[in-house]
Amino acid sequence: MSDLTISLPDGSSRTLPEGATGADLAADIGPGLAKAALIVTVDGEGRDLDRALDAGAAVSIVTADSDEGLHTLRHSTAHVLAQAVLDLWPGATHAIGPPIEHGFYYDFELPDGGVFSADDLEAIEARMREIIASDQAFERHEAGAAEALELFADHCYKREIIEKVTAGDADAEMAGEAGADGTVTYYRNGDGFVDLCTGPHVPSTGRLGHFALQKVAGAYWRGDEKQPMLQRIYGTAWGDKKALKAHLHRLAEAEKRDHRRLAAEMDLVSWPDALGPGLAVWHPKGALVRKLIEDYSRHRHETGGYDFVYSPHIAKSVLWETSGHLDFYADGMYPPMELDGATYYPKPMNCPFHVSIFQSGQRSYRDLPRRLFELGAVYRYELSGAVHGLLRSRGFTQDDSHIFCTPDQVPDELASLLEFTLSVLRAFGFDDFQAKLSTRPTEKSVGEDALWDLATDGLRSALESAGLDYVVDEGGGAFYGPKIDVDVTDAIGRPWQLSTIQLDFNLPERFELEYVGADGGRHRPVMIHRALMGSIERFFGVLLEHYAGAFPVWLAPEQVRVLPVADEHQAYAESVRDALVADGRRATVDPADEPLGKRVRAAKVAKVPHVLVVGDDDAANGTVGDNARGADGPERDLPLDDFLGRLAAAVESGALVAGPAGHPAEKLAEGRAS
RNA sequence: GCCCGGGUAGCUCAGUUGGUCAGAGCAGGCGCCUUGUAAGCGUCAGGUCGUCGGUUCGAAUCCGACCCCGGGCUCCA
């Protein structure tokens, strides 16, 4: 009997008896690894531990420490979920059950249109634990189409997959379920549970167990609303108890940060039923923060080479016919209004208006690039089920700009635009970015090849010179141009897509835009759509969650609350407040009609950055006691002037850039000069 | 829009099988307390139990429709 030699990720190689499996290899390396091993990869392909290795292959042992290991673990847990459901609901059928980020789901159809209730999860989870405790092996099998169809005779969704796959037209979605060579693989465990699956799986159900079922949801088969609605169960699964616990803790933290909860608690924004879904009103404190955000945005655009414009909220249908929105975006638009024999639509986008401004006169290449900026409110008819607080609403305000430039100017414009974008986002405390470059779709698209290449290369080099991590979504661009999307990662690691920089080769054509070039001839400009925050409302919601409501000093609606120890300190407290207000701060006094501890607590709960306590000593010496958010404890006997200076510095560094009149940083400068 | 789950005081929630079940805590008003760093005491007020209709001697509770909210699907800033 000959041996086989394989290579390991560290470059070493190992020789094992012929027919050795992944499990043999792990055991050969060490008992700890043997215990932790879930699957192996052989030349990059995942494979069950009990399958023989190939001589000469590059083999890697996969454990729950890696994404691939977790993926396998979750996938196997999804199988156990399906097994439990099929046990408990005779006649139920299972559709698909893939691993997803942090967990897995499985879609089912219950007999007679039955549905799961939240209570069912408990019973299902208990059955799953029994299956796991009985440590059933996952056995891999292969079958031809006919055999597989017989095996899954009672499972119409599995049959549909088998038919699709064995017919050889496997698409990406189906590729995860079966091979495309006329045979399919399936896994069997326990008494009779079988599932169509390419695997790999953990060796046996006993390797699972750190999971939790989370929720029930409806989901269309293949995500298509014309297909039947299936019952989906979501769960999460991890390699050990600690990781599961940590994940559940993160979810709880995220819930505490929910901007809808914070918006109500902090009296920032509300959604009165009478307004309709996705339509918010801004209360004074929320409006104040929003105004600071908008003021900062305006300031940056003023000094960044942009021209400010305004446009109406509605326009006649001809504008939307020319722009093409009525052709490809009608579903997202509010319905039309008929008046004076004309048809008007609320605007879902600002671009046609900005194009109209560009069109209003003859443009020379000397005028370009022309950057038109507007905090433009738009209305989109989002599906009622899609509306989600400020993060997805039906009326929102874009920090929108349309840049018109010559093709030659495109690369430089994109590079400076991306830098500008990142700089604005950094000012709000975001410093972890992930970008996506979306290139020309393979199907129909408009624009010359040279233009696409110029723009795509321009976007790529902008990303590279900005030193930004990015992924390429090949063919993911719109039909009218390539784009960059920028995600930020928030304080608890969640990504949010905020910025988008989008080339448009279509609208200039549709509106027949022209400029006069140096050669005296007429040329078509290139148009760039871009939004940095995306939507002000959404950006506000993301910021609120990022900071968990504890806005940095320059954005905090109430920056300082002054608490007199007793009534006799009221006058001094008011003088402290007046000094703060004169210095441009937002400060209030909370009089001594409640015990100090209670007032301190109220201020802390309200997330006021600085709570000042003033008593006899302070009134006598012109000092304050500063209980700052995040500090270990109060700092007593701080001279008022020192506090004013310290706060001013914090406001200035928070804003990063000197602001316009009305911006905290500007008042700071005035305050210091005087 | 579709599936599931919810709407009880400003907020968070109790209200077993339909019959003093319209309640609690916090918040709010008033009074007392005069406080040195995360909840002092007392007292008062508040709700057409999402809306409309139905079943019943009787409905927060059962049924139907609708509205709104939440989680998904889909979509997306």
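For the pair A:A602 and A:D567, both in contact range of RNA chain B, the more 5′-proximal nearest nucleotide belongs to A:D567. Nearest-nucleotide assignment on RNA chain B puts the 5′-proximal partner with A:A566, out of A:P595 and A:A566.
Seen from the ring of A:Y381, A:R394 counts as a face-on cation partner, given the 6.0 Å and 45° thresholds.
Distances from the side chain of A:V600 to the nucleotides B:U37, B:G1, B:A39 place B:U37 closest.
Here, B:U8 and B:C13 have their P atoms 9 Å apart, quoted to the whole Å. Atom name P, nucleotides B:G10 and B:C67: the rounded distance is 24 Å, in whole Å. Using C1' as the reference atom, B:U51 and B:G6 are 16 Å apart when rounded to the nearest Å. Separation of the C1' atoms belonging to B:C26 and B:C63 is 36 Å when rounded to the nearest angstrom. The separation of B:A60 from B:A14, taken at their C1' atoms, amounts to 13 Å, rounded to a whole angstrom. Taking atom C1' in both B:A9 and B:G5, the straight-line distance is 24 Å, to the nearest Å. A distance of about 28 Å separates the C1' atoms of B:C44 and B:G50, rounded to the whole Å.
For A:K598, a side-chain nitrogen or oxygen approaches OP1 or OP2 of B:A27 to under 4.0 Å. Note on A:H569: every side-chain N or O is 4.0 Å or more away from OP1 and OP2 of B:G36. For A:K215, no side-chain nitrogen or oxygen approaches OP1 or OP2 of B:G71 to under 4.0 Å. For the pair A:R260 and B:G71, the criterion of a side-chain N or O lying under 4.0 Å from OP1 or OP2 is met.
Looking at every heavy atom in both residues, A:L319 comes nearest to A:A315 through CD2-CB, 3.7 Å. Pairing each heavy atom of A:Q502 with each of A:A478, the nearest pair is NE2-CB, 3.8 Å.
When Watson-Crick and G-U wobble pairs are counted only if both distances are under 3.5 Å, B:U37 pairs with no nucleotide at all. The partner of B:G64 is B:C52, judged by Watson-Crick or G-U wobble contacts that both fall below 3.5 Å. Summarising the base pairing, B:G28 is matched to B:C44 through a Watson-Crick or G-U wobble pair whose two defining distances lie under 3.5 Å. Using the Watson-Crick or G-U wobble rule with both distances under 3.5 Å, B:G5 pairs with B:C69. Pairing for B:C13 goes to B:G23, judged as Watson-Crick or G-U wobble with the two contacts each under 3.5 Å.
Rounding to whole angstrom units, CG of residue A:L612 and P of B:A38 are separated by 15 Å. One interatomic measurement links the two molecules: NE2 of A:H259 to P of B:C69, which rounds to 12 Å at whole-angstrom precision. The NE2-C1' distance, from A:H388 to B:G1, rounds to 19 Å in whole Å. As rounded to whole Å, 16 Å separates atom P of B:U37 from atom CD of A:E635. For the pair A:L262 CG and B:C11 P, the computed distance is 16 Å after rounding to whole Å. Atom pair A:D616:CG and B:U34:P shows a separation of 15 Å (rounding to whole Å applied). The interatomic distance linking A:Q231 (CD) with B:G71 (P) rounds to 18 Å, in whole Å. Taking atom CG of A:N627 as the reference point, atom P of B:G36 lies 15 Å away to the nearest angstrom.
Remark: of the listed residues A:E109, A:R222, A:Q227, A:H94, A:E109 is the sole one forming a side chain to side chain donor-acceptor pair (under 3.5 Å) with A:Y157. Checking each of A:R257, A:R538, A:R260, A:R494 against A:E545 for a salt bridge (charged side-chain N to carboxylate O under 4.0 Å, His left out) leaves exactly one that passes, namely A:R494.
For A:D107 and A:R232, the salt-bridge test passes: some basic side-chain N is under 4.0 Å from an acidic carboxylate O.
Within the 4.5 Å cutoff, no side-chain heavy atoms of A:S445 are placed close to those of A:Y480. With contacts defined as side-chain heavy-atom distances shorter than 4.5 Å, the pair A:L555/A:F428 qualifies.
As judged by a 4.0 angstrom heavy-atom cut-off over every strand, A:P564 is placed among residues making no nucleic acid contact. Counting any heavy atom pair closer than 4.0 Å across all strands shown, A:D331 reaches no nucleic acid atom. Among the heavy atoms of the strands lying under 4.0 Å from A:G597 are primed sugar atoms or P, OP1, OP2 only; no base atom is included.
With no hydrogens or angles considered, no side-chain donor-acceptor pair links A:S393 and A:E382 at under 3.5 Å. Defined by atom type and a distance below 3.5 Å, a donor-acceptor pair is missing between the side-chain atoms of A:T236 and A:H102.
Annotated as anti: B:G15, whose O4'-C1'-N torsion sits more than 90° from 0.
Judged by distance alone with a 3.5 Å cut-off, a donor-acceptor contact links the side chain of A:D618 to the base of B:G36.
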If you restrict it to nitrogen or oxygen atoms, what contacts under 3.5 Å exist between nucleotides 73-77 of chain B and the protein, and what is each distance?
unit_1	atom_1	unit_2	atom_2	d
B:C73	OP1	A:Y234	OH	3.2
B:C73	O4'	A:G218	O	3.4
B:C73	O2'	A:Y220	N	3.3
B:C75	O2	A:R392	NH1	2.5
B:C75	O2	A:R392	NH2	2.2
B:C75	N3	A:R392	NH1	3.2
B:A77	O3'	A:Q497	NE2	3.4
B:A77	O2'	A:R538	NH1	3.4
B:A77	N6	A:E382	OE2	2.8
B:A77	N6	A:S393	O	2.7
B:A77	N1	A:S393	N	3.1
B:A77	N1	A:S393	O	3.3

